[in-house]
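Report on the structure given below.
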Amino acid sequence: MSDERTLDLLETKIEELKQLNAMDGIDLSGEITKLEKKLVELRRKLYSNLSDWERVKIARNPKRPYALDYIKLMFDGFYEIHGDRMIGDDRALLTGLAQLDGRTVMLVAQQKGRTTEENKERYFGMTRPQGYRKAVRAMKLAERFSFPVVTLIDTPGAYPGVESEASNIGGAIAESLLAMSQLRTPIVSVVIGEGGSGGALAIGLADRVLMLENAVYSVITPEGAAAILWKEKDRSQEAAAALQLTAEHLLQLGLIDGVIPEPLGGAHKDFAMTVAALKPSVVGLLDELRSLGIDELLDARFRRYRAVGSFRELGTSHEASSSDEKVSSENEADAAIISNDSPDA
Amino acid sequence: MSIFKDKQYLRVNVDKAPDDSLWMKCKACGELVFKRRVRENSNICPSCGEYFFLTVEERIEMLVDADSFDNISKSIEADDPLHFVDRTSYQDRIEKAQGLTGLPDAIVVGRATITQSPVVLAVMDFRFIGGSMGSVMGEQICHGMETAIEDRCPFILVSSSGGARLQEGLFSLLQMAKTAAVRAKLAEAGLPFISIMTYPTSGGVQASIASLGDIIIAERGAMIGFAGRRVIQFTIAQELPADYQTDAFAFEHGAIDRVVQRANMREELSSLLGFFVEVA
C-alpha cells in the first residue's frame with residue numbers, strides 16, 4: 001500500500017522535526033502538533049475504509065505481531081513442550097504451558113517466521129501433520145489437569161506436499177477436530193493473523209472464537225478462489241470481498257464471538273496496545289467458561305457446532321431468490337444472520 | 001472440474017448429460033464400447049478396465065439389497081448465505097447442478113440393508129459442484145449419523161468430493177468441525193462408521209469426516225489427499241511423484257485400511273458388517 005508508506009514517511013519526518021526542536025532550541029512545537037494531528041487524521045481516513053483485500057494484506061504483514069510476541073507480552077513463563085512423539089517437532093506450531101493472569105493454560109500457537117532462515121525452519125507458518133499431532137497431545141495433557149486451552153491461529157494453511165501427504169495431513173487435521181470436539185476442558189481460539197482454511201480450523205474448534213480486527217479467516221485464500229472460480233489470479237480482490245473473510249463480516253454472519261480492536265494502522269503499529277485489548281477478553285472468556293460445569297460446557301460446544309450451517313427448505317428457492325433481490329445492501333448482513341439460524345438449533 | 005483432469009491420475013469421465021446413444025467412447029483407451037456392457041461391468045470400461053463415475057443412484061444400487069434403499073435425506077437445499085457471485089452466481093450453479101443431477105445437493109442419505117444388515121448409507125455425487133461440502137452436505141451427513149444412532153446400526157459414507165464448497169465460505173469450512181462433532185456421538189454410542197473413499201476424496205472432506213472412519217476402504221482408482229496437485233505446485237512448486245495421492249500411495253503410507261475393486265465392494269461391506277452384528 002503506497003498510502004501506508006506515505007504516512008510512515010510523514011511519521012519519520014515528524015520524528016526528525018522533534019529532534020531538531022530539542023536540539024536547536026527553535027520552537028517547532030506548533031508545527032509538530034499540527035502535523036501529528038494531520039497524521040492521525042490521514043491514518044484514520046486510510047484505515048476507516050479498508051477493503052477486504054487490504055485487510056488480507058495487513059493480516060499477512062510480516063511486521064505484525066506473531067504468536068511468540070503474544071506469548072511474550074500476554075503470558076508469563078512460557079514452558080514449551082516439543083514433539084509429537086512420532087515423527088518430530090513442527091516449528092510452525094508451538095505448544096506449551098504458560099500463565100495467563102496467574103493461572104495455568106495450555107498454549108497451542110501457530111508461528112510464522114520473519115527472516116528467511118526462520119521461515120525455512122517454520123515452513124512459512126504452514127503446519128505439518130506432526131504439528132497437529134503435537135497439538136492433540138498438548139490438548140490431551142491439558143485435559144488431564146483441567147488446564148484451559150488457548151489457541152492462537154496464524155497460518156496460510158496446512159503444509160501441502162509429498163511429505164505431508166505421506167504422513168496423512170488430512171487425517172491429522174480430522175483427528176484434531178475430533179479431539180477438540182470432545183476435549184473436557186475449556187478452549188478459546190484467537191485468529192491473530194491469517195486463518196488459512198483447514199490448517200487453521202484444525203486448532204480452531206473452540207468454545208469461543210475471537211478474531212483480531214484485521215485478521216482474516218477463510219475456506220480458501222483469495223488467490224486460490226480467484227484461480228479456481230474466476231480462472232484468473234488477478235481477481236483476488238474480488239474474491240476476497242466475495243468470501244466475506246474479515247472479522248467484521250464473520251461476526252455479522254454469527255460465525256465468531258468477538259472482534260478485538262487493533263491500533264490505527266494495524267496491530268504492528270503498537271504491540272502493547274493490541275495485547276492490552278486482547279488479554280482481558282481472553283481472561284474474561286476463560287473465567288466465564290470455567291464457571292460452567294464440564295458437561296454443560298461440552299453440551300454447549302456440541303450445540304454450537306451441530307447448529308452451524310445455512311440452508312433452506314427445499315423448493316423455496318424461487319421466492320427466496322426474488323425476495324433477495326429486493327434486500328438492500330445494508331440489509332444483506334441481517335438477512336444472512338437470519339438464514340444462519342439452523343432449523344435444527 | 002478441470003482441476004482433476006491431470007493426466008497422471010487415473011482418468012475418469014463424467015457424463016455431462018445423459019444421451020440416448022447405445023455406444024460410448026472410452027476416453028482412456030479410445031475404444032468404442034457398448035454402453036450396456038459398461039453398465040453391466042460396474043461402469044468400468046470392458047476394454048481397458050478404466051473406472052467411470054457412478055451417479056448416486058448407480059452407487060446405491062451397487063451396494064445395497066435390491067429395493068431396500070429408503071431415501072431419508074432432509075428436505076433442504078443451499079441458500080447462498082454470502083450471496084456469492086464469481087463468473088456466475090452460486091444460485092445459478094446450484095440450479096444447474098440440480099437440473100443436471102436431479103438432486104437437491106451433492107449427497108443422498110438413506111436407510112438400507114446390505115445382505116439383510118440394516119445400515120444408514122450416505123453417498124456423494126461428484127457431478128454436483130464437484131461433490132463439494134457446504135452446509136447442506138454437512139447437515140445431511142450429521143442427519144445420517146444421528147439416524148444410525150437412533151436405529152442402532154452402522155453408518156456408511158461413500159465420499160466423492162473435491163472438498164469444501166468455496167461459495168459458502170467459512171460456513172463450508174465449519175462443516176468439517178460439525179461433522180467431526182457428530183461423529184464423536186456415533187463413537188460414544190458404540191456404533192461403527194465405515195468410510196469409503198472413491199475418486200476423488202480430497203480437501204475438507206478428506207481432512208474431516210472421511211478420514212474419521214473406524215474402517216476406511218478405498219475404491220480402486222480413488223484419488224485421496226488433502227491438497228490438490230495444482231495447489232501444491234502453486235504454493236511450494238514441488239515435483240510430485242506419479243503415484244501421488246493414488247489409492248496405492250494412501251495404502252502404502254498407512255492412511256487407509258484396504259483397497260477394494262468396485263465390483264467387490266458390496267461383498268466387502270457384507271463381510272465387514274458381519275463382524276459388527278453383535279455391536280449394532
Side-chain angles (χ1 to χ4, degrees), chain A residues 157-162 164-171 173-175 177-178 181-182 197-198 201-202 204-205 217-220 224-225 227-231 238-239 242-245 250 253 255 301-302 305-306 308-315 317 320-321 324 332 336 339-340 342-344, chain B residues 3 75-79 81-87 91 94-95 104 135-136 138-139 142 164 166-178 180-185 202-204 206-212 225-227 230-232 234-236 238 240-241 244-245 249 253-255:
Chain A
Y159 183 73
V162 181
S164 260
E165 294 287 350
S167 304
N168 195 9
I169 181 80
I173 292 171
E175 291 291 345
L177 290 171
L178 185 67
S181 78
Q182 296 173 291
S197 193
L201 177 67
L205 193 161
Y217 195 2
S218 181
V219 67
I220 188 167
I228 293 171
L229 297 176
W230 277 265
K231 315 277 182 204
E238 263 175 276
L243 287 164
Q244 302 202 21
L245 42 60
L250 296 173
L253 291 168
L255 296 176
R301 190 187 303 156
F302 177 76
Y305 286 97
R306 179 64 188 84
V308 71
S310 179
F311 45 78
R312 64 178 161 231
E313 272 300 300
L314 198 55
S317 96
S321 59
D324 272 357
E332 273 179 6
S339 66
N340 180 28
S342 152
D344 264 4
Chain B
I3 118 171
S75 173
I76 53 173
E77 63 183 340
D79 78 346
L82 307 186
H83 307 280
F84 198 96
V85 180
D86 47 81
R87 286 175 309 155
Q91 198 60 51
I94 294 166
E95 280 164 25
S135 300
V136 171
E139 181 67 21
C142 293
L166 305 182
Q167 294 89 346
E168 288 180 32
L170 205 69
F171 281 101
S172 296
L173 190 71
L174 289 170
Q175 301 309 305
M176 296 168 65
K178 172 171 171 166
V182 177
R183 192 269 174 266
K185 298 284 172 193
S202 61
Q206 194 258 345
S208 65
I209 190 67
S211 286
L212 294 174
F226 177 60
R230 281 211 326 194
V231 173
I232 294 165
F234 173 75
T235 332
I236 56 171
Q238 191 178 32
L240 299 171
Y244 186 62
Q245 292 182 338
F249 183 92
H253 291 93

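Below, read A as the first sequence line, B as the second, and so on, with proteins coming before strands; counting in each chain starts at 1. Everything numeric in this text was worked out from a predicted model, so none of it was measured.
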Problem - Pairing residues for Tyr159(A) by the ring-ring contact (aromatic ring centres under 6.0 Å, His included) criterion, not counting sequence neighbours - result: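 Scan of Tyr159(A) (ring-ring contact (aromatic ring centres under 6.0 Å, His included), adjacent residues dropped) gives Tyr123(A).
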
For the interface with chain A, which of [options] has the highest count of heavy-atom pairs at distances below 4.5 Å?
| options | answer |
| --- | --- |
| Ala164(B), Ala78(B), Gly203(B) | Ala78(B) |
| Val182(B), Leu170(B), Val136(B) | Leu170(B) |
| Val85(B), Ile209(B), Leu212(B), Ile94(B) | Leu212(B) |

Exercise for the section: Output yes when a side-chain donor or acceptor of Gln175(B) lies under 3.5 Å from a complementary backbone atom of Val308(A), and no otherwise. Expected result: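 Indeed, once roles are kept as given, a pair shorter than 3.5 Å links the two residues.
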
Problem - Any donor-acceptor pair under 3.5 Å from Ser135(B) side chain to Gly309(A) backbone - result: no

If every non-hydrogen atom of [X] is compared with every non-hydrogen atom of [Y], which pair is closest and at what distance?
| X | Y | value |
| --- | --- | --- |
| Tyr217(A) | Leu173(B) | CE1-CD2, 3.9 Å |
| Gly169(B) | Val219(A) | O-CB, 3.4 Å |
| Ser310(A) | Pro81(B) | OG-CB, 3.4 Å |
| Leu178(A) | Arg183(B) | CD1-CD, 4.0 Å |
| Leu243(A) | Leu166(B) | CD2-O, 3.8 Å |
| Lys178(B) | Phe311(A) | NZ-CE2, 4.4 Å |

What part of [X] is in contact with chain B, defined as an atom under 4.5 angstrom from a non-hydrogen atom: side chain, backbone, both or neither?
| X | answer |
| --- | --- |
| Ser218(A) | backbone |
| Phe302(A) | side chain |
| Glu238(A) | neither |
| Leu250(A) | side chain |

Do [X] and [Y] come close enough that some side-chain heavy atom pair is under 4.5 Å?
| X | Y | value |
| --- | --- | --- |
| Gln167(B) | Leu229(A) | yes |
| Phe226(B) | Asn168(A) | no |
| Ser75(B) | Glu313(A) | yes |
| Asp86(B) | Ile228(A) | no |

Problem - Option in Ala158(A), Ser167(A), Ser197(A) with maximal non-hydrogen atom pairs under 4.5 Å from chain B - result: Ser197(A)

Exercise for the section: Quick one: which of Gly171(A), Ala166(A), Ala242(A), Ala227(A) has the most heavy-atom pairs under 4.5 Å with chain B, could you say? Expected result: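 Counting heavy-atom pairs under 4.5 Å, the top option is Ala166(A).
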
Fill in the blank from the handout: Whatever's closer than 4.5 Å to a heavy atom in chain A on Ala184(B) counts as both

Handout entry: Spatial distance of atom NZ (Lys185(B)) from atom CD (Gln182(A)) [nearest 0.5 Å]
Key = 8.5 Å

